[in-house]
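Okay, structure first, notes after.
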Amino acid sequence: SIIEQLKIIGPLTDPTAYGGKAEDAFDVIIPSIPGYGFSGKPTELGWGPERVGKTWVTLMKRLGYRKFVAQGGDWGALITDMMGVQAAPELIAIHTNMAGAVPPAIDAAAFSGATEPANLSIDEKKAYGQLAFFYKNGLAYAQEMGNRPQTLYAIEDSPIGLASWILDHDARSLELISRTFAGKNEGLTKDDILDNITLYWLTNTAVSSSRLYWENKLAFFAPKNVKIPVAVSAFPDEIYTTPSTWAEKAYPNLIYFNKLEKGGHFAAWEQPETFSKELRASFKSVRK
């Protein structure tokens, strides 16, 4: 949700207050995906990542921007990848912290639970293990929303049910969030987490946001044939940590790659200072 992006507004729009330089400043537009938060709820079919990506370009043009970059993680990563595929002339580069970069054969093996393929590097072995674990232990929520989103109406009837559903996104994210309630304030606070859940509750968007899983027909982690400039930040606690070798093959116009020491699936929310520095570095070469 947009809640997960709010902490990066200050560092990106006012970098001098956060250790950056004035010339590093960005205008920041954080759109809410249709069906989420304060956006309207789609009443017609066809609102998948491809259409949302085209809508973001229309939005930026209506706001008066002739040139811009895009960034995404989670659903935003898939939408941003599709923006890269569509390659609107106004879009000069993209950044992702959940890269669509897993080679098809590797992805199929991980999904099937097959033995780790031979000849993988250390980083590739780690990524394979993360993927295999996620497919076996963490994919069920997405499959349920992808197959029967309308039957999840109970998460709109119970705030406890909604909280449980949102918190149990993937195993590592749950661990990182849970430590906050155990008195460890690294990354997130209790208010951060409750604000995010409350946004879904007050806007009654638990089911309407689930429909994006049903609309989507794309593989999350597969290469999408993006040819415009791409920057990738690989966080260690992401669903899978992108190896540079996979990123280079998936994105032939890779302009930036960095492997981070801290941060997970919700990196902009958990590690906003590091995340903001990544965006400054990622897009430095495309500034005009």
Side-chain angles (χ1 to χ4, degrees), residues 2 4-5 7-15 18 20-31 33 49-102 218 220-235 238 241-260 263 265 267-268 271-288:
I2 57 172
E4 297 157 19
Q5 312 297 319
K7 295 179 185 177
I8 64 175
I9 294 175
L12 291 178
T13 60
D14 185 17
Y18 294 84
K21 300 177 181 178
E23 57 266 29
D24 293 331
F26 291 87
D27 287 358
V28 178
I29 311 298
I30 305 175
I33 299 171
E50 301 94 331
R51 185 172 180 181
V52 177
K54 291 178 181 178
T55 302
W56 287 174
V57 173
T58 299
L59 169 66
M60 295 301 289
K61 291 165 68 174
R62 286 181 179 176
L63 291 174
Y65 292 95
R66 296 181 180 180
K67 297 289 182 182
F68 54 86
V69 294
Q71 193 288 323
D74 196 88
W75 274 117
L78 198 54
I79 293 166
T80 301
D81 261 0
M82 295 317 299
M83 292 175 71
V85 171
Q86 294 157 1
E90 296 83 4
L91 180 65
I92 58 176
I94 65 172
H95 172 275
T96 178
N97 55 291
M98 193 182 83
V102 182
L218 303 167
F220 264 101
F221 308 127
K224 308 296 189 301
N225 195 30
V226 179
K227 302 212 175 136
I228 70 170
V230 178
V232 174
S233 295
F235 288 90
E238 181 54 88
T241 306
T242 311
S244 60
T245 49
W246 294 359
E248 290 164 0
K249 292 179 181 177
Y251 301 111
N253 198 352
L254 187 68
I255 58 172
Y256 178 87
F257 178 90
N258 191 27
K259 182 180 176 182
L260 286 303
H265 186 67
Q271 304 295 332
E273 184 175 350
T274 298
F275 191 86
S276 300
K277 289 179 180 178
E278 282 297 287
L279 293 193
R280 291 180 203 148
S282 294
F283 295 130
K284 191 174 185 65
S285 67
V286 298
R287 282 187 178 272
K288 302 292 185 179

Any side-chain heavy-atom pair of [X] and [Y] under 4.5 Å:
X	Y	result
Y65	L59	no
L218	E50	yes
D27	L63	no
E90	K61	yes
Y18	L12	no

Go through it in stages, so that I can follow the logic: the residues are T242 and T96, the test is side chain to side chain contact (heavy atoms under 4.5 Å, CB included), and I'd like the CA-CA distance, side-chain angles, deciding distance and then a yes or no. CA-CA 10 Å; T242 311; T96 178; over 6 Å; no

Calculate, to the nearest 0.5 Å, the distance between atoms [atom1] and [atom2] belonging to [X] and [Y] respectively.
X	Y	atom1	atom2	value
N97	L279	CG	CG	8.5 Å
D74	I33	CG	CD1	7.5 Å
W56	M82	CH2	CE	15.0 Å
S276	I8	OG	CD1	5.5 Å
T241	M98	OG1	CE	12.5 Å

For I228, the option from I92, I94, V69 that meets side chain to side chain contact (heavy atoms under 4.5 Å, CB included): I94

Give the intermediate values and the outcome of side chain to side chain contact (heavy atoms under 4.5 Å, CB included) for residues V230 and F257. CA-CA 9 Å; V230 178; F257 178 90; over 6 Å; no

Check each of H95, K284, E278 against Y256 using the side chain to side chain donor-acceptor pair (under 3.5 Å) test, and report the only one that passes. E278

Classify the ring geometry between F220 and W75 as parallel (under 30°), tilted (30 to 60°) or perpendicular (over 60°). tilted

Could you walk me through whether K277 and E273 pass the salt bridge (charged side-chain N to carboxylate O under 4.0 Å, His left out) check? CA-CA 6 Å; K277 289 179 180 178; E273 184 175 350; 3.7 Å; yes

Closest non-hydrogen atom pair between [X] and [Y], with its separation:
X	Y	result
A88	V57	CB-CG1, 3.8 Å
K224	D81	CG-OD2, 3.8 Å
F235	G263	CB-O, 3.4 Å
S282	S233	OG-OG, 4.5 Å
A70	F283	O-CZ, 3.8 Å
A231	I255	N-CG1, 4.3 Å

Determine, stepwise, if the pair K54 / T58 fulfils side chain to side chain contact (heavy atoms under 4.5 Å, CB included). CA-CA 6 Å; K54 291 178 181 178; T58 299; 5.6 Å; no

So, does [X] use its side chain to make a donor-acceptor pair with the main chain of [Y] at under 3.5 Å?
X	Y	answer
R280	K21	no
K67	P89	yes
Y251	G100	yes
E248	L254	no

List the steps and the verdict of side chain to side chain contact (heavy atoms under 4.5 Å, CB included) for Q71 and T80. CA-CA 6 Å; Q71 193 288 323; T80 301; 5.7 Å; no

Within 45° cone of F26 ring axis and under 6.0 Å: R287 NZ or CZ: yes

Answer yes or no: are there more than 12 heavy-atom neighbours, outside K259 itself, under 6.0 Å from its atom NZ? no

